[in-house]
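What you are looking at is a predicted structure, and each value in this text was computed from that prediction instead of being measured. Proteins get letters first, then strands, A, B, ... in listed order; numbering begins at 1 in each.
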Amino acid sequence: MLPISLFREKPEVILADHDKRGISRDSVYEVIRLDGEWKAALHEMEQSRRQRNIAAKGIAAAKKSDDKEESNRIMAEVKNLGSQISELDEKAKSLANQRDTLRMRIPNILHDSVPEGVDESENTQHSMHGEKPVFEFEPKVHNELIEQNKWVELERAAKIAGSRFFFLKGDLARMELALQTFAIDFLGERGFTLVQPPVMMNREAYEGVTDLNDFETVMYGVEPDKLYMIATSEHPLTAMFMDEVIEPSLLPIKMVGVSPCFRREVGAHGLSDRGIWRVHQFTKIEQIIISHPDDSWSHHEDLLTNCTDLWDALGLHYEVVNICTGDMGTVAARKYDLEAWLPGAKAYKEIVSCSNCTDYQANRLRMRYRTPDGNAAVHTLNSTAVATSRALVAIIEQNQMEDGRVRIPEALQPLMGGKKVLDPCNF
RNA sequence: GCGGUCAUCGCAUAGCCUGGCCAUUGCGCCGGAUUGCUAAUCCGGUGGGUCUACCCACGAGGGUUCGAAUCCCUCUGAUCGCGCCA
């Protein structure tokens, strides 16, 4: 959420951002209009309250000097001031509410470096890593490989839970755990503290971290408790500091989160989404930084470096893309994606998303740090380290052998008892 | 689940019983002054708002009242005891 002061003092910044994104300016003007009306209503109410306070003091003084007449006179005078105040208060609250409901939907201000573009086809390449693997046979797509090796059970999972859920079995399940350990250790060495979060959150905290449309399309609601299953550990780890004033000496706070992630994936269909590429539940290791505003852009680069170093260590070929204005979501000010080469699918596809959300989430969550001139919003950053289901897909497609078995990346071998190749599952 | 106690926006606290002027004090932090050697002492600041005045804020939301941190109700969270489970 953008601070209301920005609408009052520099609306041109927001308007220019809307133009860059190619979205209508109307709601910005509407927020400004509602804010003006709210100010007027608030002022009116404050005047009534002031009258009441003066009267109350008069009564107190009169009672002290035992002047019954005077106190009764004032009491009669302000008898219905109370109902007037609550009316005006309700009006002001309703206006503030309308203003902020609208303001919650206004996206973050993009960083100047974000390339202009209409949709994901206009994202620009940032860098290319590793070498495209060459095969002396026709490489298979991952859903063929997992089926042939019996590493994944989609139909049995559908029977007990629904489509897009899966059982992970045998060596592939073991490699999933190795990936988790590898990523956690890797980031631990770079100063990130491991945190395991709750996997459900209440509505208020959740509204602080996500695009509001996600409540319809992404999150599972848990009834009757009015909770939501987390779509990523970014959400609980960021919201963790809701309503807090953080001592500047504690910044930056660097965490590596590990959790299952739950996504409804409403409207997602298609041949390219078969297998375990797009599923309702997967495990993700996530980097989170809560930072001083002055440092967030350098931390953003650090997060990307951590990702590229980690994925380089796994020996995979991928590219980094710079997300353009039209493809950026509501919350991030700047975003890099890592897209791994899938030789079976013959495409680069998203495996990592690395964002600087600046003060957008912090404003919603009232997460501040202490400064000499009062409290100011912190910046929040997040980046995937490894989403295991997608990492597995990239690994098995890039490391597949002619017989359908898969070489284990060297970095993971020590975590799998020295094993070098994933063997098929026996049932 | 049941019952008791509690909740003061950096942390910790007073005020509540018995409603009324200014929400107290300590620590921490920031700024300044002064003396000077790993620091001490003194002064000021340190919740929010259309920020000298004024209004709001004592977990959240309601109620009583001319007036609520204070009295009443509901909710949330913490904590202790009992129950239940491991």
Student: If a stem is a run of at least 3 consecutive Watson-Crick or G-U pairs, both distances under 3.5 Å, which stems include RNA chain B?
Tutor: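 Counting only runs of 3 or more consecutive pairs, the stems involving RNA chain B are B:1-7 with B:76-82, B:10-12 with B:25-27, B:28-33 with B:41-46, B:47-49 with B:54-56, B:59-63 with B:71-75.
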
Student: Can you see if the side chain of A:Lys93 gets near the phosphate of B:G61 - specifically, an N or O under 4.0 Å from OP1 or OP2?
Tutor: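 For B:G61, OP1/OP2 do not have a side-chain N/O of A:Lys93 under 4.0 Å.
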
Student: We want to know whether A:Asn306 and A:Arg190 form a side-chain donor-acceptor pair, criterion being a heavy-atom distance below 3.5 angstrom.
Tutor: yes

Student: Centroid-to-centroid, A:Phe215 to A:Tyr228, below 6.0 Å?
Tutor: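 When the ring centroids of A:Phe215 and A:Tyr228 are compared, they turn out to be within the sub-6.0 Å range.
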
Student: Using the C1' atom on both, measure B:A69 against B:A23 and round to a whole Å.
Tutor: 8 Å

Student: Across the strands shown, which category fits A:Ile59 at heavy-atom distances under 4.0 angstrom: base, sugar-phosphate, nothing?
Tutor: base

Student: What does A:Arg73 touch in the nucleic acid at a heavy-atom separation under 4.0 angstrom: a base, only the sugar-phosphate, or nothing?
Tutor: nothing

Student: Walk me through whether A:Thr380 and A:Phe241 qualify under side-chain contact (heavy atoms from CB on, under 4.5 Å).
Tutor: CA-CA 11 Å; A:Thr380 60; A:Phe241 297 92; over 6 Å; no

Student: So, does A:Asn53 get its side chain near the phosphate of B:G67, meaning an N or O under 4.0 Å from OP1 or OP2?
Tutor: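 A:Asn53 to B:G67 OP1/OP2: no side-chain N or O under 4.0 Å.
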
Student: Between B:U64 atom P and A:Ile85 atom CD1, what is the distance in whole Å?
Tutor: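 Distance check: A:Ile85 CD1 to B:U64 P gives 14 Å.
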
Student: Run the salt bridge (charged side-chain N to carboxylate O under 4.0 Å, His left out) test against A:Asp214 and tell me which residues pass, sequence neighbours left out.
Tutor: none

Student: Where along residues 40-50 of chain A does a heavy atom come under 4.0 Å from RNA chain B, residue by residue in number order?
Tutor: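 Contacting residues: A:Ala40, A:Leu42, A:His43, A:Glu46, A:Arg49, A:Arg50.
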
Student: Using whole Å, report how far CD of A:Gln51 lies from C1' of B:G67.
Tutor: 15 Å

Student: In whole angstrom, give me the gap between the C1' atoms of B:G15 and B:U8.
Tutor: 10 Å

Student: Between A:Asp243 and A:Asn375, which is nearer to the 5' end of RNA chain B once each is assigned its nearest nucleotide?
Tutor: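 Result of the comparison: A:Asp243.
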
